[in-house]
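First up is the structure itself, then whatever we jot down about it.
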Protein chains: 2
Amino acid sequence: MSSSQRPAAARAGRKRESSRTRLISAAAQLFQEQGFAATGLSEILDRAQTPKGSLYHHFPGGKAELGVAAMEAAGQVLQHTLTSRLESQGSAAGAIAAFADDLAGWLEGSDFSRGCPVATVALEQANGAPDLVAAIRGAFEGVIDALARQLVAEGTPAERARRLATLCLSTLEGALILARTQRSGAPVRMAGEELVNLLSA
Amino acid sequence: MSSSQRPAAARAGRKRESSRTRLISAAAQLFQEQGFAATGLSEILDRAQTPKGSLYHHFPGGKAELGVAAMEAAGQVLQHTLTSRLESQGSAAGAIAAFADDLAGWLEGSDFSRGCPVATVALEQANGAPDLVAAIRGAFEGVIDALARQLVAEGTPAERARRLATLCLSTLEGALILARTQRSGAPVRMAGEELVNLLSA
DNA sequence: CCAAAAATAGACCGACCGGTCTATATAGAC
DNA sequence: GTCTATATAGACCGGTCGGTCTATTTTTGG
């Protein structure tokens with residue numbers, strides 16, 4: 001997969017941020033803001049300050065392969081953010097509250113350009129390339145798993161934990177849609193509060 | 001806006017379905033499935049069985065104007081579906097249960113191609129043309145209003161009713177994202193069940 | 001230091017994009 | 001029937017799309 005493409009410099013673990021990394025984060029940002037189809041290669045290349053040759057060197061599969069890498073990276077950001085909140089807060093309810101605040105903050109700090117880094121592509125490419133869909137599914141799955149694991153640790157039965165975790169992610173994702181169209185963080189913060197009530201009960 | 005474009009035949013209220021109507025519903029379907037940017041005019045024209053000249057006759061503003069009309073139409077479908085469920089069920093909780101089943105049914109019946117008719121465009125065009133965003137915001141607002149009104153009628157304080165209605169829509173929208181990527185109606189049905197619990201409490 | 005590999009650089013390509021324009025057909029008013 | 005909207009029809013346009021290809025520069029292992 002994409003990991004087999006990683007160049008020697010990255011494997012060695014030092015040197016400055018490679019053009020490969022810049023491409024992934026530029027693509028991830030643009031896909032998050034406006035989706036996969038609406039983002040042209042030239043736009044990605046401009047933002048990453050990279051010529052076309054480098055893109056096709058690192059990603060022979062072109063835009064499709066870059067899309068997969070971007071969704072994997074976005075999923076890891078999401079999962080890492082939630083995991084660190086779980087650790088710092090110690091409870092699922094607390095982590096959800098903090099996570100919702102994180103999301104609302106990202107949104108407001110980007111002038112409502114950046115909601116979920118995965119959701120836009122998830123919807124428009126739901127019938128698209130299977131490996132892209134798989135990367136997106138994996139991103140969501142990682143978040144659900146992390147949250148469900150904490151719930152189980154708090155004594156919730158496994159099946160109920162998965163249901164609750166899925167519900168939490170659903171609610172936050174949907175709130176992010178409304179928040180972007182309303183240009184207000186309120187739906188996300190409110191969703192966080194209601195989920196805390198639910199998890200505390 | 002778009003209503004000023006309506007041709008004489010439609011105003012008179014008879015004759016068969018006009019090409020204008022076919023264009024709107026073809027566009028709405030395609031935008032729902034794959035988004036605005038990913039859908040070419042040629043695709044819309046093919047599905048509507050209409051030549052390009054007709055499109056630019058009915059929608060001088062081109063794809064952008066058609067997009068607004070499609071989102072308005074999609075919003076009305078959504079609002080009408082919920083309203084009729086509110087009437088038939090008599091309670092907000094019952095209507096949400098039925099509405100969630102409707103959404104899950106649409107999804108499964110279309111091989112997971114059709115989730116929310118508005119959400120895909122909402123995300124990818126959140127920073128796009130203001131009138132398109134306004135149409136989308138109006139669509140969501142109509143759903144929230146209808147649900148909140150019922151909650152108020154059941155005795156919920158107005159402010160709390162809006163919060164709950166927004167939460168319901170958020171949860172269902174998010175569940176539709178997960179459902180499409182997982183190719184399963186389960187997240188939507190589960191979200192409906194949990195929302196019923198919440199509203200009944 | 002040098003050969004080989006990796007990465008950068010961008011000109012170039014055919015396909016398709018949304019949009020314009022002119023010509024023709026169809027319908028309603030009188 | 002004729003005149004005039006209205007609507008249909010599609011050839012055509014410049015621009016941009018994703019992708020390929022060759023040449024050059026940079027890095028690296030010996």
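Residue numbers start from 1 in every chain, and the chains themselves are labelled A, B, ... in the order their sequence lines are given, proteins ahead of strands. Fair warning: this is a prediction, and the values are worked out from it, not measured in the lab.
In this structure, A:Leu30 atom CG and D:dC17 atom P are separated by 12 Å, rounded to whole Å. For the pair B:Leu55 CG and C:dC17 P, the interatomic distance rounds to 14 Å; values are reported in whole Å. Taking atom CG of residue B:Leu45 and atom P of nucleotide C:dC16, one finds them 16 Å apart after rounding to whole Å. The interatomic distance linking B:Glu65 (CD) with C:dG18 (C1') rounds to 14 Å, in whole Å. Between the P atom of C:dA9 and the CG atom of A:Asp46 lies a distance of 13 Å, rounded to the nearest Å. Straight-line distance from the CZ atom of B:Phe59 to the C1' atom of D:dT8: 15 Å, rounded to whole Å.
A salt bridge does not link A:Glu154 to A:Arg160: none of the charged nitrogens lies less than 4.0 Å from a carboxylate oxygen. Between B:Arg189 and B:Glu194, none of the side-chain N atoms (NZ, or NE/NH1/NH2) sits under 4.0 Å from a carboxylate O, so this pair counts as no salt bridge.
A:His58 has no side-chain polar atom (N or O) that falls below the 4.0 Å cut-off from OP1 or OP2 of C:dA6. Within the structure, a side-chain polar atom (N or O) of B:His57 is placed less than 4.0 Å from OP1 or OP2 of D:dA7.
Legend: side chain to side chain donor-acceptor pair (under 3.5 Å) pairs involving residues 77-100 of chain B, not counting sequence neighbours, sorted by first then second residue: B:Arg85-B:Asp102. Each side chain to side chain donor-acceptor pair (under 3.5 Å) pair with one or both residues in residues 118-131 of chain A, not counting sequence neighbours, appears once here: A:Asn127-B:Ser113.
C:dT26 is unpaired under the criterion used here, namely a Watson-Crick or G-U wobble arrangement in which both key atom distances are under 3.5 Å.
Taking 90° from 0 as the syn/anti boundary, the base of C:dA27 is oriented anti.
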Contacts under 3.5 Å, N or O only, protein and nucleotides 18-20 of chain D:
unit_1: D:dG18; atom_1: OP1; unit_2: A:Thr39; atom_2: O; d: 3.2
unit_1: D:dG18; atom_1: OP1; unit_2: A:Lys63; atom_2: NZ; d: 2.9
unit_1: D:dG18; atom_1: OP2; unit_2: A:Leu41; atom_2: N; d: 2.6
unit_1: D:dG19; atom_1: OP2; unit_2: A:Tyr56; atom_2: OH; d: 2.7
unit_1: D:dG19; atom_1: OP2; unit_2: A:Lys63; atom_2: N; d: 3.0
unit_1: D:dG19; atom_1: O5'; unit_2: A:Tyr56; atom_2: OH; d: 3.2
unit_1: D:dG19; atom_1: N7; unit_2: A:Lys52; atom_2: NZ; d: 2.9
unit_1: D:dG19; atom_1: O6; unit_2: A:Lys52; atom_2: NZ; d: 2.2

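Summarising the local packing, CD of A:Glu43 is surrounded by more than 12 heavy atoms from other residues, nucleotides or ligands at distances under 6.0 Å.
Residues passing the side chain to side chain contact (heavy atoms under 4.5 Å, CB included) test with A:Ser42: none are found, sequence neighbours excluded. By the ring-ring contact (aromatic ring centres under 6.0 Å, His included) test, A:Phe31 is found to be paired with A:Phe36, residues two or more places apart in sequence or in another chain being considered.
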Point to revise | Chi angles and distances behind the salt bridge (Lys or Arg N to Asp or Glu O under 4.0 Å) call for A:Arg47, A:Glu33 | key: CA-CA 13 Å; A:Arg47 190 174 296 201; A:Glu33 291 169 13; 3.6 Å; yes

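Here the shortest heavy-atom pairing between A:Ala93 and A:Val196 reads O-CG2, 3.5 Å.
Scanning residues 117-128 of chain A for heavy-atom distances under 4.0 Å to DNA chain C yields an empty list.
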